Amino acid sequence: MIKKAITAVIGLLIIQFIVKFLLKLELFKHVYNHTPGPCRIVPGEGIGYEDMETLPNGLTLITSGLVMPGASSTVSEHRKKHNGKGRIYLFDFNQPDKGIEELKIVGDQFNHSDFGPHGISLWKDKDKVTVMVVNHGSAVDTIEKFLFIAKDKQLKHLHTYRDPTIHMVNDVAMDSENSFYFTNYAYYKSGLFHVLEAVIPLAYGNLMYYDGKAYHKQDEGLFTLNGLVLSHDQKYLYTGETIPQKFHTFTRQKNGTLSRYQEFNVKTAIDNPTLDKDGNVLFGTHPIIWQVMGHTDNPETPAPSQVIKLHMKDGAVTKMTEVFADDGHTLYGSSVASLYNDAMLVGTVLHKLMYCEVRWID
Ligand SMILES: *[C@@H]1O[C@H](CO)[C@@H](O)[C@H](O)[C@H]1NC(C)=O
Ligand SMILES: *[C@@H]1O[C@H](CO)[C@@H](O)[C@H](O)[C@H]1NC(C)=O
């Protein structure tokens with residue numbers, strides 16, 4: 001009798017686990033198409049423009065050539081086939097027809113053939129723009145620091161940050177020229193434990209702060225912690241967990257210390273955030289998880305795209321609207337979007353870059 005009851009309970013738990021897992025994959029979800037105005041693809045290699053940030057003058061820096069640690073060999077082969085390598089591109093919202101231009105990286109300490117750029121952050125102090133980029137190097141992850149010299153279309157390499165806490169980094173957000181936050185997406189980069197970490201899930205992701213001298217853990221127990229950005233006034237930090245589909249607000253003290261403030265269920269797999277001029281948060285998102293999983297395994301497999309806007313007041317979400325959606329016929333796997341005046345740029349993990357005129361936005 002007891003044996004039967006235990007068997008039944010275990011059976012139910014397994015069924016519950018499988019059903020939850022299948023629901024999580026969003027097997028039955030459909031994505032409709034809509035844009036905020038006319039959109040077009042920006043010419044380029046089309047192998048990913050994973051993260052971007054726009055300066056107040058409309059110049060936008062974009063990372064390209066991401067190969068996630070533990071990615072399938074198909075991804076590396078695809079990158080090779082399309083003349084892919086780690087690059088930082090420049091796009092000017094004032095001259096959208098010029099398209100993108102590769103920035104030349106200069107500096108003896110920088111190894112061009114070991115550059116796998118992921119998240120990016122810009123820090124502007126008067127006319128000086130400092131840039132930080134997450135790099136998945138062949139040996140370890142690093143955070144690379146550059147000086148952006150706009151007139152020469154150059155990035156001058158300044159420093160490489162290396163530390164055991166810079167482990168499997170997704171994104172970086174500077175709060176001064178020499179200090180920054182970063183997210184560790186997961187702990188295991190590949191193999192059985194990588195799968196277990198995702199399926200159980202083990203939540204070994206964390207949020208770190210480097211104050212210019214030392215690395216401090218700000219939060220942990222997070223799973224697939226992705227892009228992050230600071231509010232314009234630096235009172236809040238916004239980030240999200242992709243698979244749990246949760247948006248997080250942290251409050252930020254003047255000395256950099258963070259505390260959890262709000263958690264908001266966005267019901268879509270969020271990737272990288274940017275801010276609009278009013279301080280609202282724009283996210284590139286993946287509306288159907290099982291399709292983006294297939295896409296990140298083989299970049300030629302389509303996956304839908306979506307841009308959402310979180311309307312913010314005092315660090316809390318007041319409303320969520322969808323700015324853009326594509327069922328995967330035009331743009332695969334959107335990871336970021338940036339708004340400037342009446343235009344928007346949408347980047348992807350492993351696919352193309354899209355430019356949209358914004359005629360209407362809520
Ligand atoms: C640059 O990176 C490549 C690829 O990982 C490596 O083979 C090469 O030895 C590196 N060069 C230097 C100077 O470190
Ligand atoms: C930062 O400031 C807060 C209070 O404003 C304090 O509780 C905390 O200990 C400080 N943290 C560090 C690392 O100095």
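Numbering of ligands and ligand atoms starts at 1, following listing order. If you read the sequence from its start, that first residue is 1, and numbering goes on from there. What you see is a predicted model; the values in this text were computed from it and never measured.
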Which heavy atom of the protein is the closest neighbour of [atom], given with residue, atom name and distance?
atom	result
atom 3 (C) of ligand 2	N255 ND2, 3.7 Å
atom 13 (C) of ligand 2	T257 OG1, 4.1 Å
atom 5 (O) of ligand 2	Q253 OE1, 3.2 Å
atom 2 (O) of ligand 1	N111 ND2, 2.4 Å

Is it true that [X] and [Y] have a side-chain N and a carboxylate O under 4.0 angstrom from each other?
X	Y	answer
K81	E300	yes
D152	K104	no
D97	R40	yes

First locate atom CG of L353, then atom CD1 of I47, and finally report the distance between them rounded to the nearest 0.5 Å.
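Output value for this atom pair is 12.5 Å.
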Below 4.0 angstrom from a heavy atom of S113, which ligand 1 atoms are there? Numbered from 1 as shown, please.
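Numbered from 1, ligand 1 contributes 1 (C), 2 (O), 3 (C), 4 (C).
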Which atoms of ligand 1 have any heavy atom of S138 under 4.0 Å away?
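The atoms of ligand 1 under 4.0 Å from a heavy atom of S138 are 5 (O).
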Using a distance threshold of 4.0 Å (strictly less than), state whether atom 7 (O) of ligand 1 has a protein heavy-atom neighbour.
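No; the ligand atom in question lacks any protein heavy-atom contact below 4.0 Å.
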So do the side chains of F180 and M208 get within less than 4.5 Å of each other, counting heavy atoms only?
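No; the side chains remain at least 4.5 Å from each other.
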Between H159 and Y161, is the ring centroid distance below 6.0 Å?
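Centroid distance H159-Y161: below 6.0 Å, so yes.
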